[in-house]
There are 2 protein chains.
Amino acid sequence: MAEPEQLNRVFAALADPTRRDLVARLAAGDATVGELAAPYAVSLQAVSKHLKVLEDAGLVSRSRDAQRRPVHLEAEVFDLMTKWIERYRRQAEERYQRLDAVLADLHNDDRGADRAATDEGEAS
Amino acid sequence: MAEPEQLNRVFAALADPTRRDLVARLAAGDATVGELAAPYAVSLQAVSKHLKVLEDAGLVSRSRDAQRRPVHLEAEVFDLMTKWIERYRRQAEERYQRLDAVLADLHNDDRGADRAATDEGEAS
DNA sequence: TCCTTGTTCAACCAATTGGTTGAGCATGAC
DNA sequence: GTCATGCTCAACCAATTGGTTGAACAAGGA
């Protein structure tokens, strides 16, 4: 899958609180669709749909065990997101630091100018 | 804003490639709506809507400069996402490590049993 | 073979989303 | 005041989404 398209799907998948909760519970271990659906007020079919969304995003995989379809979290996909996020956070932070440096320089120049003026005043 | 609701909005906001591109460009510095809209094929109003989604998610803020509305990236919100992601990634990784340890133990036991059996064979 | 269990598929519905266009508003320039 | 600029608001449209129910499928147990 193209990376931008996968980013679309992963972010969209995690935009739903039910799906985030599914991911949270799957981090503790694999589970079947029935087990996953039990705590929610919605139908089993709705949960099955949510799992399909997560699967299409590459966040989970499903195998087979008799009638059951155990669901497994594929945590590597998280890296795709954190890489994207960290890249721009770092860029923004570096920009702030440069801005701070410029402001600090301006401040120092001001203080330097003040001190020079004072020195001149004292000398005159 | 409640944290789950903000997570909904932030993830949903970044699920759109145009909005991710806006964030990427804003990481390089503030910009006006017109500047941001220029490279895209869509109308200025569409970009304005995208910026509203990013603003509602807390990802950008807008101030005023005469007729212009400079847009500014609020990079702190990224932390909310990375905190959520890292929590479950760590949990999943720890689980894998425990599983590896169990498998290694089983393997050692097997080798131990093999060796014991061999020893017994050799001893008998 | 038929039944039960676990799950998916299909059709439908209401709400949301991303886009459009046209009108309107805020602000500085004349 | 009038005008131009930069942007938002409102109404609308097609496509997508999250939910429903009912039917169908896959696989083990009686």
Side-chain angles (χ1 to χ4, degrees), chain A residues 1-2 4-26 29-73, chain B residues 1-2 4-26 29-73:
Chain A
M1 195 183 334
E5 173 62 18
Q6 182 155 29
L7 279 174
N8 292 352
R9 296 188 188 191
V10 174
F11 278 121
L14 294 181
D16 184 283
T18 301
R19 286 194 293 258
R20 278 201 309 278
D21 193 55
L22 287 168
V23 168
R25 290 170 56 208
L26 285 167
D30 297 359
T32 67
V33 180
E35 288 165 355
L36 290 170
Y40 307 121
V42 301
S43 68
L44 190 96
Q45 289 96 322
V47 174
S48 186
K49 272 198 191 181
H50 280 309
L51 288 170
K52 180 142 192 10
V53 173
L54 291 171
E55 188 177 24
D56 289 347
L59 278 162
V60 307
S61 60
R62 290 188 271 188
S63 47
R64 182 170 278 288
D65 166 29
Q67 306 100 313
R68 271 150 243 108
R69 304 294 309 273
V71 183
H72 175 79
L73 185 65
Chain B
M1 196 185 329
E5 173 61 19
Q6 183 155 29
L7 279 174
N8 292 352
R9 296 188 189 192
V10 174
F11 279 121
L14 296 180
D16 184 282
T18 301
R19 285 193 294 257
R20 278 202 308 279
D21 194 55
L22 286 169
V23 168
R25 292 170 55 208
L26 285 168
D30 297 359
T32 68
V33 179
E35 287 166 355
L36 290 169
Y40 308 120
V42 301
S43 67
L44 190 95
Q45 289 95 323
V47 175
S48 186
K49 272 197 191 181
H50 280 308
L51 289 170
K52 179 144 191 7
V53 173
L54 291 172
E55 188 176 26
D56 289 347
L59 277 162
V60 307
S61 60
R62 291 188 270 190
S63 46
R64 183 171 275 289
D65 165 31
Q67 307 99 315
R68 272 150 241 108
R69 305 294 308 273
V71 182
H72 175 79
L73 185 64

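Throughout, protein chains are lettered first and strands after them, A, B, ... in sequence-line order, and every chain is numbered starting at 1.
- The CG-P distance, from Leu51(B) to dG6(D), rounds to 16 Å in whole Å.
- Rounded to an integer number of Å, the gap from CD of Gln45(B) to P of dC9(D) is 12 Å.
- Using a 4.5 Å heavy-atom cutoff, the side chains of Arg20(A) and Pro4(B) are in contact.
- Rounded to the nearest 0.5 angstrom, Lys52(A) NZ and Leu54(A) CG are separated by 11.0 Å.
- The distance from atom NE2 of His50(B) to atom OG1 of Thr18(B), rounded to the nearest 0.5 Å, is 4.5 Å.
- Following rounding to the nearest Å, Arg69(A) (CZ) and dC25(D) (P) show an atom-to-atom distance of 16 Å.
- Taking 4.0 Å as the cutoff to heavy atoms of chain A, we find the contact window on DNA chain C bounded by dT5(C) to dA11(C).
- Met1(B) CE to Asp56(B) CG: the interatomic distance, rounded to the nearest 0.5 Å, is 7.5 Å.
- Lys49(B) places none of its side-chain heavy atoms less than 4.5 Å from the side chain of Ser43(B).
- By the 4.5 Å heavy-atom criterion applied to side chains, Leu59(A) and Leu14(A) are counted as neighbours.
- Rounded to the nearest 0.5 Å, atoms OG1 (Thr32(A)) and CD (Gln67(A)) are 11.0 Å apart.
- Counting any heavy atom pair closer than 4.0 Å across all strands shown, Thr32(A) reaches sugar-phosphate atoms only and no base atom.
- Near DNA chain C, meaning a heavy atom under 4.0 Å from it, residues 33-44 of chain A has Val33(A), Gly34(A), Leu44(A) in order of number.
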Quick one: which protein N/O atoms are closer than 3.5 Å to N/O atoms of nucleotides 27-29 of chain D? Pair and distance per line, please.
none

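- Not one N or O on the side chain of Arg64(B) forms a donor-acceptor pair closer than 3.5 Å with the backbone of Arg69(B).
- For Lys52(B) and dT8(D), the NZ to C1' distance is 10 Å, given to the nearest whole Å.
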Given the rule in the side-chain contact (heavy atoms from CB on, under 4.5 Å) test, do His72(A) and Arg62(A) qualify, once you have shown the distances and angles that lead to the verdict?
CA-CA 6 Å; His72(A) 175 79; Arg62(A) 290 188 271 188; over 6 Å; no
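- If you take CG on Leu26(B) and CG on Leu51(B), they are separated by 7.5 Å, rounding to the nearest 0.5 Å.
- Between Arg25(B) and Asp21(B) the shortest side-chain heavy-atom distance falls below 4.5 Å.
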